[in-house]
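Here's the structure, in structure tokens; my notes come after.
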Amino acid sequence: MKKKTVALLLSAAMLSGTIAGCGSGGSDSASGGGNDAGSVTEAVVDADGKVNGVMYETGLPLVDEGAYSFSIFCDDSSETGEFYMLDEFKNQTNVDVDLRIFPYETATERLNLDLNSGDYADLIGGWTLSDSMILTYGVGQGVFIPLEDYFAKYCPRITEILDLPGVREEMTAPDGHIYTIPYVCDDTTVNYSPFINGEWLKNVNMEMPTTTEEFEAVLQAFKDQDANGNGDPSDEIPFSADPNNKHIEAMTGWFGLPMDKQGVGIKDGKVTFAALSSTYREFLSWFNSLYEKGLVDVELYTQDSSTWEGKGSQDLYGVSIAYGSSEYSGIAQSTEKSKYDVLPVLNTDQGGIWLRATNGFSVYRTQAVVTDNAKNPEVICRWFDNAFQLENGIGCNRGPVGVVTFKEGDGYRSIDTTTLDEETQEKVSWSNLWPQSLPKYLPSGFEFIEDNPIYDEKKVVEQTYEEDLTDEIIPSYWVELDNIDRFSDISTMLQDYFDQQQAMFVTGELDVDDDAAWQAYVDGFYSLGLEDWLSMRGIDNVAE
């Protein structure tokens, strides 16, 4: 594969101004080691309209019954591994899908084992992928194959998506190729955030906190009193967090320096490395004091998702960081607000601020790759192109047309699923529609007609936080091709170190207030290659 000498690539935002290599592929055509049919330019269409004797060039079904199957590896929280829309797509396309699904907690390890053994799926998708993997296994090794030629030839819907402002640039790797199927969607400006049990607040006769001092007082009241009203004043857990997305460091924003889970933050409008800052240290010291007082879940750094959710469903949490309160509370989303409230950004009168996650629209460029084990990759690409058609997108996002959603004039009405029988409700529940870690698509701004709309907790979060968010988001980036392996290795070491040290400071295994311990922590980052990592990411500022 031809490599171009490309400088470090940074995008100003997910959908604006990405500096990248050329748009669609230079002189190399897309091909993969497992693609027996050869490249797009070598494809042959026979008298029956089949490409390379397998896929119909246009229309549905894509293939004859039993003629083609492909495997998908992805992570998902589904209990059954069965998805309504996958069955629908089987009926539409005749393509069989072998879904290899793993919980997020184990998916990364399993994927690494698969890649090392060579026994990996035809398509790899989900949150386990990363930019570094695209660069390593795509640009560097050719395990992930370029897809832009397949898109241009066979995928009009995906081509439309790539032609949206900034999308093609965001998707294009430094060598000019596109290695992933786009996942483009409206997105929240606030990612994970704390939710507080409003019922507990009433039970302990306290108001919504606005400062860290008031917050600590509320947590203490949750601990000391029978906040959940079950007669046991000792079972309350004042504070916890999603095990897979703790985002504890995000609360450093309450002290004036918002940051992400890699330790990168925004200060004075500029991207900075915040994990070594005195502000982060101040936050850790405060949060450790909460832990020492018994106000923080003792299993914060050891529990898995099922444990976190189990305790939440027993009404044991006063506050928890989550994407939404229904993820741990056991309270299903409904037309009515639950007992959980949005905890506002604290200390706003003293510079408290929260990191803006997106500008309201995101391009996820690492959600699905086709590997060189796949035969006839054009079928996989067209399969996703069909999945992105409007009514299929509606099915994946809200529910199948004719069951949960119905065409009405120029729009689509979404019914209350509780009006359906229990078996159908289960089949068309959101988590059973489609593997939610895989790409899906609805046009920006698409809204359903609803008689009884679900209470939009996320919109309330966005409205509550909007005035207290950073103006900027942390931009995406690419690294130089020659730095792929080193960047990936350093990234893994730094992330593991950051997570480990945070846990030790919070739980008191290390004393964050001890200068020698803090200096050892700082030195540890540099010994792992922090300076090179920052240079490769294009970050030239380390917050003090």
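Side-chain N/O atoms of Thr210 and Glu214 include a donor and acceptor closer than 3.5 Å. Inspection of the Ser305 and Glu105 side chains reveals an N or O donor paired with an N or O acceptor under 3.5 Å. Side-chain contact annotation: Thr307 with Asp304, donor-acceptor N/O pair under 3.5 Å present. Side chain to side chain, Asp224 and Gln220 meet the donor-acceptor criterion of an N or O pair below 3.5 Å. In the model, Asp421 has no side-chain atom that pairs as donor or acceptor with a side-chain atom of Gln425 under 3.5 Å. Side-chain atoms of Glu170 and Ser476 include a donor-acceptor pair closer than 3.5 Å. In the model, Trp127 has no side-chain atom that pairs as donor or acceptor with a side-chain atom of Thr366 under 3.5 Å. For the residue pair Gln495 / Asp499, a side-chain donor-acceptor distance below 3.5 Å is found, with atom types taken as modelled. Inspection of the Asn244 and Tyr104 side chains reveals no N or O donor paired with an N or O acceptor under 3.5 Å. Side-chain contact, Trp354 with Thr470: no donor N or O sits under 3.5 Å from an acceptor N or O. The closest side-chain donor-acceptor pair between Ser535 and Asp532, if any, does not fall under 3.5 angstrom. A donor-acceptor contact under 3.5 angstrom links the side chains of Asp187 and Tyr364, judged on distance only.
For Asn205, the CG atom counts as loosely surrounded, since its 6.0 Å shell holds 12 or fewer non-hydrogen atoms of other residues, nucleotides or ligands. Atom CD of Gln333 sits in a sparse spot, with 12 or fewer heavy atoms from other residues, nucleotides or ligands closer than 6.0 Å. Atom NZ of Lys202 sits in a sparse spot, with 12 or fewer heavy atoms from other residues, nucleotides or ligands closer than 6.0 Å. When the shell of 6.0 Å around NZ of Lys427 is examined, it contains 12 or fewer heavy atoms from other residues, nucleotides or ligands. With a 6.0 Å radius and a threshold of 12 heavy atoms from other residues, nucleotides or ligands, Asp514 has its CG atom above the threshold.
Between Met251 and Glu249, every side-chain heavy-atom pair lies at or beyond the 4.5 Å cut-off. Contact annotation: the side chain of Ser193 never approaches that of Thr464 to less than 4.5 Å [non-hydrogen atoms, C-beta and beyond]. Counting heavy atoms from C-beta outward, Tyr301 and Ile248 have side chains that approach closer than 4.5 Å. Looking only at side-chain heavy atoms (C-beta outward), Leu442 and Ile394 come within less than 4.5 Å of each other. With contacts defined as side-chain heavy-atom distances shorter than 4.5 Å, the pair Met133/Leu115 qualifies. Taking the side chain as every heavy atom from C-beta outward, Phe222 and Val204 approach each other to under 4.5 Å. For the pair Phe73/Leu99, no side-chain contact is recorded, criterion being any heavy-atom separation below 4.5 Å from C-beta on. In this structure, the side chains of Arg100 and Cys74 stay at 4.5 Å or more apart for every pair of heavy atoms.
By the 30° and 60° cut-offs, the orientation of the rings of Phe384 relative to Trp434 is perpendicular. Ring pair Phe446/Tyr412 is tilted by interplanar angle, where 30° to 60° counts as tilted.
Side chain of Asn347 to backbone of Phe255: no donor-acceptor contact under 3.5 angstrom is found. In this structure, Glu236 contributes its side chain and Asn228 its backbone to a donor-acceptor pair below 3.5 Å. Using a distance-only test at 3.5 Å, with no hydrogens or angles considered, no donor-acceptor pair links the side chain of Asn452 to the main chain of Asp416. The main-chain N or O of Phe388 is never found under 3.5 Å from a side-chain atom of Asn392 such that the two would form a donor-acceptor pair. Judged purely by atom type and a 3.5 angstrom limit, Glu457 has no side-chain atom pairing as donor or acceptor with the backbone of Lys337. The backbone N or O of Tyr84 sits nowhere less than 3.5 Å from a side-chain atom of Glu88 that would complete a donor-acceptor pair. Checking side-chain atoms of Thr424 against main-chain N and O of Leu420 turns up no donor-acceptor pair under 3.5 Å. A donor-acceptor contact shorter than 3.5 Å links the side chain of Asp186 to the backbone of Gly445. In this structure, the side chain of Asn197 does not engage the main chain of Gly318 through any donor-acceptor pair within 3.5 Å. With hydrogens and angles disregarded, no donor-acceptor distance shorter than 3.5 Å links the side chain of Thr180 to the backbone of Pro182.
Lys293 and Glu216 are joined by a salt bridge, as a carboxylate oxygen and a charged side-chain nitrogen come within less than 4.0 angstrom of each other. By the 4.0 Å N-to-carboxylate-O rule, Asp242 lies too far from Lys246 to be salt-bridged with it. The existence of a salt bridge linking Lys311 and Asp315 is excluded, since no basic side-chain nitrogen approaches an acidic carboxylate oxygen closer than 4.0 Å. Ion pairing of Arg413 with Asp451 is present here, as a side-chain N (NZ or NE/NH1/NH2) and a carboxylate O approach within less than 4.0 Å. A salt bridge links Glu450 to Arg398: one of the charged nitrogens lies within less than 4.0 Å of a carboxylate oxygen.
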Discussion item. One pair to check against side chain to side chain donor-acceptor pair (under 3.5 Å): Gln436 and Ser431. What are the steps and the verdict?
Written reply: CA-CA 7 Å; Gln436 297 299 330; Ser431 62; over 6 Å; no
Worksheet item: Checking side chain to side chain donor-acceptor pair (under 3.5 Å) for the pair Gln519/Asp523: CA distance, chi angles, key distance, verdict?
Response: CA-CA 6 Å; Gln519 188 59 52; Asp523 292 343; 2.8 Å; yes
Discussion item. Checking Tyr340 against Ile196 for the side chain to side chain contact (heavy atoms under 4.5 Å, CB included) test, could you report, in this order, the C-alpha distance in whole Å, the side-chain angles of both residues, the deciding distance, and whether it holds?
Written reply: CA-CA 6 Å; Tyr340 282 90; Ile196 187 167; 6.0 Å; no
Practice prompt. Decide yes or no on side chain to side chain donor-acceptor pair (under 3.5 Å) for Glu462 and Thr188, but give the supporting numbers first.
Written response: CA-CA 7 Å; Glu462 292 178 329; Thr188 179; 3.0 Å; yes
Item to complete: Determine, step by step, whether Trp254 and Phe215 satisfy the ring-ring contact (aromatic ring centres under 6.0 Å, His included) criterion, reporting the C-alpha distance in whole Å, the side-chain angles of both residues, the deciding distance to 0.1 Å, and the verdict.
Response: CA-CA 11 Å; Trp254 295 345; Phe215 181 66; 5.5 Å; yes
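Smallest separation of non-hydrogen atoms from Val403 and Ile415: O-CD1, 3.5 Å. For Lys267 against Ala543, the heavy-atom pair with the smallest separation is CD-CB, 4.5 Å.
Trp200 and Tyr317 have their aromatic ring centers separated by at least 6.0 angstrom.
In this structure, Arg365 forms a cation-pi arrangement with Trp478, its terminal cationic atom sitting closer than 6.0 Å to the ring centre and no more than 45° off the ring axis. Taking the ring centre of Tyr323 as origin, the terminal cationic atom of Lys458 falls inside the region bounded by 6.0 Å and 45° from the ring axis.
To the nearest 0.5 angstrom, Thr252 atom OG1 is 5.0 Å from Met259 atom CE.
For Phe195, there are no ring-ring contact (aromatic ring centres under 6.0 Å, His included) partners at least two apart in sequence or on another chain. Listed by chain and residue number, nothing satisfies the side-chain contact (heavy atoms from CB on, under 4.5 Å) test with Asp471 (two or more places apart in sequence, or in another chain).
The side chain to side chain donor-acceptor pair (under 3.5 Å) pairs that include a residue from residues 269-284 are Thr272-Asn541, Tyr280-Gln502, Arg281-Asp515, where partners are two or more places apart or lie in different chains.
The only member of Phe287, Phe283, Trp518 that meets ring pair (Phe, Tyr, Trp, His ring centres under 6.0 Å) when paired with Phe505 is Trp518. Under the salt bridge (charged side-chain N to carboxylate O under 4.0 Å, His left out) rule, Arg356 has a single partner from Glu467, Glu466, Glu472, which is Glu466.
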